[in-house]
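Here the structure comes first, spelled out in structure tokens, and everything after it is commentary.
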Number of protein chains: 2
Amino acid sequence: MSKTTLLVIDDELAIRRFLRASLDEDQFKVIEAADGREGLRLAATEKPDVILLDLGLPDVDGISVAKGIREWSSTPIIVLSAREQERDKINALDAGADDYLTKPFGVGELLARIRVALRHSKKSPEEPVFRAGDLEIDFAAHIVRKGGVEVHLTPNEYGLLAVLARHAGKVVTHKHLLAEVWGGAYSEESHYLRVYMGQLRHKLEDDPTRPKLLTTEAGVGYRLKTE
Amino acid sequence: MSKTTLLVIDDELAIRRFLRASLDEDQFKVIEAADGREGLRLAATEKPDVILLDLGLPDVDGISVAKGIREWSSTPIIVLSAREQERDKINALDAGADDYLTKPFGVGELLARIRVALRHSKKSPEEPVFRAGDLEIDFAAHIVRKGGVEVHLTPNEYGLLAVLARHAGKVVTHKHLLAEVWGGAYSEESHYLRVYMGQLRHKLEDDPTRPKLLTTEAGVGYRLKTE
DNA sequence: AAAACTCCTTACGATTTCTTGACCGCCTGC
DNA sequence: GCAGGCGGTCAAGAAATCGTAAGGAGTTTT
């Protein structure tokens, strides 16, 4: 397993240095962003395990950064801020942040809170087999069956189907699908989805022209129907 | 859906009173334990959604209570403590607590952190479903049902309905609706609302001519009735 | 080296959704 | 009565989104 990656979004060089020194040691890989735009970009491309976010950024507001990340990812966000107004804390937490630490804080506490965040993001054990109609997905073995017979899917096709199945019945947004399968940096390439959904339908639908399983929610995303 | 249940484990009557007063209102059901043994018992029997735990208990140490709960449950634990030593925080967080608030704290912040905890634990349990008459809105799945059958809505229609549902029973002004769905720049285009409210009524009202659910407040805005 | 496979890209027609304007009815104030 | 504001309805054209087929690039298999 590769090292746990932390993304630090803070405009002050001194803070970044301090955090790097405290965290860089053996356990974490630390990457840095000096402003909000860079932070959003790195959050998408590097897929960090935890994000440490300062509120007082030069370009975008920290709250907006948190919201931007939450649009497609549930990576834990710990806000580090000098602002100790209750209003700021509530806003940040409701915007999607998972924790809020007021500067100055102890490194030990920060580490403990990072451990909490990592504990949370550990995925719960999943169902080994998914079923919907005559469709069967064996997540462990990466095998898909339709009406009992195995259907070969390419890695991207399987990834797409797996995400839809994990949220079966729900609409999954374009952004979310792209982030999960291609990575956060591809969240605008929604034409990929059209191509691959088409291929999935050809392999899995009785009548690919009239999809019953893999339905489109125009302008929003796609859905794997359960019944 | 039953109310969200909070378990307060604290030996000081004053604190319990204060928390009950702050939390009891409409949104939460609050149950109390005055010591650790009672707390563990209630955590098991009542299955609360969130546990608020004081560290300075008369019988068992708060840390041990947290560990005891973690042996069989992953219910979120928020520690409320007068101790502000970093050592205490680290111990509590590593013992399984999900958050640590130092007394005195603001009620608003506590509520925000409870919301964070609920957000985390909401991975499997029931979805937040809004109901009014035979109308059902499943926000997580992005699905609207009327009388049990699914109704397809376009993004704008869904957005409009969602805003009204979020303020169910209250009047939502034209400006507010337009700002939420179309963006702040469209706050004068109240004609859009007439068109889309018409479409929503067609899809959701028994008699679109005589709306019972989606009512007009002349000169002000619209309202989704709750009954 | 050829064949097979997967991924990405492009183009274009089909479909869905959004916007806009015309028209109607109702109520109110003049 | 009647003008004017407000809200509702309808439909057509514009715009955005979607589905599909096909081909090239890169990689792996045979």
Side-chain angles (χ1 to χ4, degrees), chain A residues 142 144 150-164 171-183 185-224, chain B residues 142 144 150-164 171-183 185-224:
Chain A
H142 273 230
V144 175
E150 187 172 338
V151 178
H152 174 77
L153 298 184
T154 73
N156 277 354
E157 288 166 5
Y158 177 83
L160 196 54
L161 181 63
V163 176
L164 287 168
V171 177
V172 188
T173 63
H174 298 145
K175 225 169 200 170
H176 188 191
L177 286 168
L178 287 161
E180 290 268 358
V181 179
W182 278 267
Y186 293 78
S187 62
E188 304 302 323
E189 310 288 330
S190 52
H191 58 271
Y192 288 12
L193 293 178
R194 285 184 220 116
V195 174
Y196 280 87
M197 285 301 296
Q199 291 172 189
L200 275 178
R201 280 168 176 161
H202 260 274
K203 294 182 177 182
L204 301 175
E205 291 278 0
D206 293 321
D207 178 1
T209 315
R210 250 173 284 281
K212 293 192 162 181
L213 221 56
L214 300 161
T215 57
T216 302
E217 300 289 323
V220 186
Y222 292 90
R223 173 150 59 123
L224 176 61
Chain B
H142 217 263
V144 175
E150 198 174 325
V151 178
H152 176 79
L153 298 184
T154 73
N156 279 353
E157 288 166 5
Y158 180 85
L160 196 54
L161 182 62
V163 177
L164 287 169
V171 182
V172 188
T173 63
H174 296 149
K175 210 170 207 170
H176 188 220
L177 285 168
L178 287 162
E180 290 264 358
V181 179
W182 277 267
Y186 292 76
S187 62
E188 304 304 321
E189 308 285 336
S190 50
H191 182 57
Y192 288 8
L193 292 178
R194 285 183 221 120
V195 174
Y196 279 88
M197 286 303 297
Q199 290 173 189
L200 276 179
R201 282 167 175 161
H202 255 275
K203 294 183 177 181
L204 302 176
E205 292 279 0
D206 293 321
D207 178 2
T209 316
R210 247 171 283 282
K212 294 191 163 182
L213 226 56
L214 300 161
T215 57
T216 303
E217 301 291 323
V220 186
Y222 294 90
R223 181 209 313 247
L224 176 60

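Convention: sequence-line order gives letters A, B, ...; per-chain numbering from 1.
- With contacts defined as side-chain heavy-atom distances shorter than 4.5 Å, the pair B/Y222/B/T216 qualifies.
- Residues satisfying the salt bridge (Lys or Arg N to Asp or Glu O under 4.0 Å) criterion with A/K203, sequence neighbours excluded, are A/E157.
- The CE-P distance, from B/M197 to C/dT19, rounds to 17 Å in whole Å.
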Protein within reach of the bases, or only the backbone? For nucleotides 3-9 of chain C, mark each nucleotide 5' to 3' as B, S or -, using heavy atoms under 4.0 Å. ---SBSB
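- Here the P atom of nucleotide C/dC12 and the CZ atom of A/R194 are 16 Å apart, to the nearest Å.
- On the nucleic acid side, DNA chain D has its first and last nucleotide under 4.0 Å of a heavy atom of chain B at D/dG7 to D/dC10, going 5' to 3'.
- Legend: residues meeting salt bridge (Lys or Arg N to Asp or Glu O under 4.0 Å) with A/E150, ordered by chain and number and at least two apart, are absent.
- A/E205 pairs by the side-chain hydrogen bond (donor to acceptor under 3.5 Å, both in side chains) definition with nothing, not counting sequence neighbours.
- Using a 4.0 Å heavy-atom criterion, one finds that B/Y158 contacts no nucleic acid atom at all.
- Between A/L161 and A/L204, the shortest heavy-atom distance links the atoms CD2-CD1, 3.9 Å.
- Residues B/P155 and A/A218 come closest through the heavy atom pair CG-O, 3.5 Å.
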Show the atom names and distances, to 0.1 Å, of all donor-acceptor pairs under 3.5 Å that link a side chain in residues 171-178 of chain A to residues at least two apart or in another chain.
from: A/T173; atom 1: OG1; to: A/H176; atom 2: N; distance (Å): 3.1
from: A/K175; atom 1: NZ; to: A/E71; atom 2: OE1; distance (Å): 2.5
from: A/H176; atom 1: NE2; to: A/E180; atom 2: OE2; distance (Å): 3.2

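- C/dT15 atom P lies 10 Å from atom CZ of A/R210, rounded to whole Å.
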